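Working notes for the structure below.
Everything numeric in this text was worked out from a predicted model, so none of it was measured. Numbered from 1 within each chain, the chains take letters A, B, ... in sequence-line order.
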Amino acid sequence: AQSVTQPDIHITVSEGASLELRCNYSYGATPYLFWYVQSPGQGLQLLLKYFSGDTLVQGIKGFEAEFKRSQSSFNLRKPSVHWSDAAEYFCAAIFMDSNYQLIWGAGTKLIIKP
Amino acid sequence: EAQVTQNPRYLITVTGKKLTVTCSQNMNHEYMSWYRQDPGLGLRQIYYSMNVEVTDKGDVPEGYKVSRKEKRNFPLILESPSPNQTSLYFCASRRRTGVSSYNSPLHFGNGTRLTVT
């Protein structure tokens, strides 16, 4: 069955440090890939998406993600985090035979140290 | 302002007492969906709707009902809530369905935190 895995439940990063959140998917064909962010008490907001082409995609709020087919990964990165980046981050995918429904990872909670 | 509105934000109820969580979107979106969010499990889809009068089960439909009589509204009904339905619920919508749906982001409501005692 198709799945999306986020191996880290929590990540703590100092303000100003770089960030990488991991996401792996399991399936044969490349799915459409997304990263969403959920700020406390809010719904989810799309950060970026990958469908094809350039494997490095830019998103909002200074985030980027790199698709690596060989590793079935779509990791999210930011060069320098701000306290306002503290949130929960979800990786998601649309697989070709999932009736175009999103399959979600379990989420990674980002904690920012001052 | 384009938005998805859920009500109520917080709801505490007792086992067996029927409840409805409303969801309304003002973007004329065809697609709407309900998710529940539980710690460590991410979002799990309950039901979704591709258009008016078209609904389908998601991954965890047991104990829930939905209806889509109008394009803008997609209420979630719990006929006989149980404690294992205590969760954070999100409604979401997007403009497209089918093959081109990947190109249209999901818009989420702010969530409904339900507690069933």
- Item | hydrophobic_cluster_shared for Trp83(A) and Leu21(A), side chain cutoff 4.5 Å | no

Answer yes or no: are there more than 12 heavy-atom neighbours, outside Leu56(A) itself, under 6.0 Å from its atom CG? yes

dist Gln101(A):CD -> Asp56(B):CG (nearest 0.5 Å) comes out at 8.0 Å

For Phe90(A) and Gln37(B) the tightest heavy-atom approach is CZ-NE2, 3.1 Å

Between Ala106(A) and Gly40(B), the two heavy atoms sitting closest are CB-O, 3.4 Å

Nearest heavy-atom approach of Gly43(A) to Asn110(B) is N-OD1, 3.5 Å

In terms of heavy-atom contacts, Phe108(B) and Leu44(A) come closest through CD1-O, 3.3 Å

So, the part of Arg9(B) with a heavy atom under 4.5 Å from chain A: the answer is side chain

Bottom line for Leu41(B): the part with an atom under 4.5 Å from chain A's heavy atoms is backbone

To the nearest 0.5 Å, atom CG of Leu46(A) lies from atom NE2 of His107(B) at 9.0 Å

Closest non-hydrogen atoms of Tyr36(A) and Leu106(B), given as atom of the first, atom of the second and distance, are OH-N, 3.2 Å

Applying a strict 4.5 Å limit to non-hydrogen atoms, the region of Gln38(A) in contact with chain B is side chain

Fill in: Heavy atoms of other groups near Lys71(B) NZ, more than 12 under 6.0 Å
yes

If you draw a 6.0 Å radius around CZ in Arg44(B), do more than 12 non-hydrogen atoms from other residues or ligands fall strictly inside?
yes

Co-membership, hydrophobic cluster, residues Val4(B) and Ile77(B), 4.5 Å side-chain: no

If two hydrophobic side chains count as joined below 4.5 Å and joins carry through other members, does Tyr47(B) share a cluster with Tyr31(B)?
-> no

Quiz prompt | Shared hydrophobic cluster for Leu76(A) and Ile111(A) (ILVMFWY, side-chain gaps under 4.5 Å) | solution = no

Under 4.5 Å to a heavy atom of chain A? For Gln6(B) that would be neither

Bottom line for Leu88(B): the part with an atom under 4.5 Å from chain A's heavy atoms is side chain

- Message: Would you say Leu11(B) ends up clustered with Phe90(B) if hydrophobic residues are merged whenever their side chains have heavy atoms under 4.5 Å apart, either directly or through other cluster members?
- Response: no

